[in-house]
Participant: 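Take a look at the following structure, please.
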Amino acid sequence: MSAPLMSLNQLDTSDTLTPEKTQRILEAVLLTTSEPLPINELRKLFNLELSATVLSKLLEEIREKWRDSGVELVSIASGWRFQTKADIQPYLERLTPPKAPRYSRAVLETLAIIAYRQPVTRGDIEEIRGVSVSGSVLKALTTRGWIEAIGHRNVPGKPALFATTQHFLNDLNLRSLEELPPLEEMKSLIDSNEKNSDLPFEVPEAHD
Amino acid sequence: MSAPLMSLNQLDTSDTLTPEKTQRILEAVLLTTSEPLPINELRKLFNLELSATVLSKLLEEIREKWRDSGVELVSIASGWRFQTKADIQPYLERLTPPKAPRYSRAVLETLAIIAYRQPVTRGDIEEIRGVSVSGSVLKALTTRGWIEAIGHRNVPGKPALFATTQHFLNDLNLRSLEELPPLEEMKSLIDSNEKNSDLPFEVPEAHD
Amino acid sequence: MNDNSVIETNETQPIARICGEPLLEIPQDLYIPPDALEVFLDTFQGPLDLLLYLIRKHNLNILDIPMAELTQQYMTYVGMMRVDQLELAAEYLLMTALLIEIKSRMLLPNPKTETEEEHDPRAELVRRLLEYEQMKHAATRINELPQAGRDFSVIQIWVEQQAAAQLPNIDMDDLRNAWMAILTRAKINRHHQIKRETLSVRAYMSQVLRDLRGRDQVEFYDLFAPAATVAEVVVTFLAVLELVKELLLEISQSLDSGIIYVRSIDVAQSA
């Protein structure tokens, strides 16, 4: 164990916690952790000696510092995390084939209904979509950690009620459900006579 | 699909691969991957258009740039990777206190038998426990430095004789084996427990 | 037959008339090459999706759907799929029935007692179509949001794991519990007999074997530390006797009153 060295360093840093040192620690810790870290969690790094306001200010400074790089510090539902900017992804895929699944329309529509109408049962989803929802669709979303059963509706059969998760928000870079794209007004749908704007013919993507 | 935006960016970067852009990509990719990336792998990022020499130079520049931060770019046998510096480790542990792992019941019982009945062979332990002792149990205790083979019994197969070590006493804050709870006391404990018929069968947190 | 006549009271009536005319002929796009049908079927998410497609494709007014045309077109698609014996979800057939029902209800005289809006037989279908379309668009927008793993990656650099810190710790209570569990079990399985011996003897037995390790033999007296207390001498002696008994030690003396040698009978080691 390199304990002696470490405890020396630890003493060193915790004794004189300059803004530079604090930033250095924040940055390193955030780069190390893939889970988003909320401010309250980050305060533990400094034995709660720094206020949320101070940390927020430092985090904003770090965000600013990274602005021109291929990596950005973002604040999402569960807290702060570093992630690559969109233009880096194609390069990453040259090294490793993309792991994230591309979802079929069935999955995406089911997800949208759960996101905007939650909590909903499978029956609710089927009614809106006009077709039965296969178990594999719900499983794909559950496995991804985007939806979860949060209870049961008190009707015969006690169907499970589905809702989106915090993880869903994190994966979509959202801080809350309110940040989802607003639903189109019924009126604009009625008025929309734009032709073929959403023709389904090109769609056949990966099926669930 | 955000395809248009992404392909724009991609075009943009791959068309004019300035050293700054190359560095920006290298940095982001290395931050994303916790596995070390060899130069040959990194060359794939740029469709092998950049030589290993050029990349090495850029990597050295990135390393230099990070020198004063809590994170360092290192070149190890299998390639390049970012890692936290040692002085960050204590802070990380404040966030996620390493959850104390526990030894399985098999390990604890084996250790107890060796401590109280030393020197013993694996056969002795199995006879007392009534079940076979897996090699991994003895290995765990040997690796930990708590037991050692101190000889062999002169019977067919020449089984090794195990005893506890000084290190074991140190780790348990004992000055000698005599400081272990005396067996007599435990005998009476068990007898009284039997009368109360709430047998301490548990050794509760037994996971293997 | 003229659907539009039935819904005169509808506020969007004039537009419906304009739209209705060109749709009297079957649109050209209705012809689908047979081998494309399977793809086609996969393409639609269900009867609502297909209906929406037809409505949007032909620029129909969704609030004043010409039921005859729509039903006819819908049935042509579904009919083609059935001819090719593609597996058609039951929902498509149910929708056929619903469309025909709406169409026929619209031909019936309009009872005056109730408000017109409630009695447009198409209202419920329109509501469902719009709600579905809303969600369909929402799904597209969600899919356009940047997505972890697809459009960006989360940063996680390598952290040195401290092997030592990960090891379990135990204390005396753990040992006590373990031993008590063994004893309790042994008591129940009567055939196991746990002999009780003083711990110190066993401890010294280990110590003696350790002292002998790697050595051919030692003099008996060397087994006793010069500074040993009387108790320690006694325990050591008992340990040696126990080791001899367990065939772990061999004691030899070649001459009367000569040097007593102690050898470890560790064949594996001496071999």
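Just so we're on the same page: letters track the sequence lines, and every chain starts at 1.
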Participant: To check you understand the geometry: which heavy-atom pair defines the closest contact between C:Gly46 and A:Val131, and what is its length?
Facilitator: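 Nearest pair, atom of C:Gly46 first, then A:Val131: CA-CG1, 3.4 Å.
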Participant: How many angstroms lie between atom CZ of A:Arg129 and atom CD of C:Gln45, to the nearest 0.5 angstrom?
Facilitator: 4.5 Å
Participant: Are side-chain N/O atoms of C:Gln134 and A:Tyr116 paired as donor and acceptor at under 3.5 Å?
Facilitator: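 No, because no side-chain N or O of C:Gln134 sits under 3.5 Å from a partner of the opposite role on A:Tyr116.
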Participant: Does the pair A:Arg117 and C:Glu131 meet the rule for a salt bridge (Lys or Arg N to Asp or Glu O under 4.0 Å), with working shown?
Facilitator: CA-CA 11 Å; A:Arg117 296 267 188 264; C:Glu131 181 171 31; 3.3 Å; yes
Participant: Report the distance from atom CG of A:Asp171 to atom CZ of C:Phe152, rounding to the nearest 0.5 Å.
Facilitator: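 Here the rounded value is 6.5 Å.
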Participant: Which value, rounded to the nearest 0.5 Å, describes the distance between A:Thr32 atom OG1 and C:Gln156 atom CD?
Facilitator: 8.5 Å
Participant: Chain C heavy atoms under 4.5 Å from A:Glu72: which part of the residue, side chain, backbone, both or neither?
Facilitator: neither
Participant: Please examine the side chains of A:Arg81 and C:Val154, heavy atoms only from C-beta on, and report whether any two atoms are closer than 4.5 Å.
Facilitator: yes
Participant: Is there a donor-acceptor contact under 3.5 Å linking the side chains of A:Gln89 and C:Ser153?
Facilitator: yes
Participant: Output the option from A:Pro181, A:Ala28, A:Pro36, A:Ala115 having the highest count of non-hydrogen pairs under 4.5 Å with chain C.
Facilitator: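 Option with the greatest count: A:Pro181.
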Participant: Would you say the side chain of A:Leu108 lies within less than 4.5 Å of the side chain of C:Thr140, judging by non-hydrogen atoms?
Facilitator: no
Participant: At a heavy-atom separation under 4.5 Å, does A:Pro101 approach chain C through its side chain, its backbone, both, or neither?
Facilitator: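 For A:Pro101, the backbone is the part near chain C, not the side chain.
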Participant: Rounded to the nearest 0.5 Å, what separation is found between the CG atom of C:Leu63 and the CD1 atom of A:Ile190?
Facilitator: 4.5 Å
Participant: Heavy-atom cut-off 4.5 Å, strictly under: side chain, backbone, both or neither for A:Leu180 against chain C?
Facilitator: side chain
Participant: Would A:Glu184 and C:Arg141 count as a side-chain contact (heavy atoms from CB on, under 4.5 Å) here? Give the steps.
Facilitator: CA-CA 10 Å; A:Glu184 264 171 288; C:Arg141 298 233 184 122; 3.7 Å; yes
Participant: Measure the spacing between CD1 of A:Ile88 and CG of C:Asp151 and express it to the nearest 0.5 Å.
Facilitator: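 So the gap between those two atoms works out to 13.0 Å.
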Participant: If you take all heavy atoms of A:Leu189 and C:Leu130, which pair is closest and at what distance?
Facilitator: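 Of all heavy-atom pairs spanning A:Leu189 and C:Leu130, the closest is CD1-O, 3.6 Å.
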Participant: To the nearest 0.5 angstrom, please state how far the CD atom of C:Gln147 sits from the CZ atom of A:Phe168.
Facilitator: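 Rounded to the nearest 0.5 Å, the CD-CZ separation comes to 9.0 Å.
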Participant: Under the salt bridge (Lys or Arg N to Asp or Glu O under 4.0 Å) rule, what do C:Asp49 and A:Arg105 come out as? Steps first, then yes or no, please.
Facilitator: CA-CA 11 Å; C:Asp49 201 20; A:Arg105 273 185 63 201; 2.8 Å; yes
Participant: Taking side chain as C-beta onward, heavy atoms only, is A:Arg102 less than 4.5 Å from C:Asn143?
Facilitator: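 Not touching, per the 4.5 Å side-chain cut-off.
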Participant: Taking C-beta and beyond as the side chain, do C:Leu145 and A:Asn173 meet within less than 4.5 Å on heavy atoms?
Facilitator: no
Participant: So which of A:Leu30, A:Ile128, A:Thr110 has the largest heavy-atom pair count under 4.5 angstrom toward chain C?
Facilitator: A:Ile128
Participant: For atom CD of C:Glu91, decide whether the heavy atoms of other residues, nucleotides or ligands shown that lie under 6.0 angstrom number more than 12.
Facilitator: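 Counting neighbours around CD of C:Glu91, more than 12 heavy atoms of other residues, nucleotides or ligands fall under 6.0 Å, so yes.
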Participant: Could you walk me through whether A:Leu172 and C:Ile142 pass the side-chain contact (heavy atoms from CB on, under 4.5 Å) check?
Facilitator: CA-CA 8 Å; A:Leu172 266 70; C:Ile142 285 184; 3.9 Å; yes
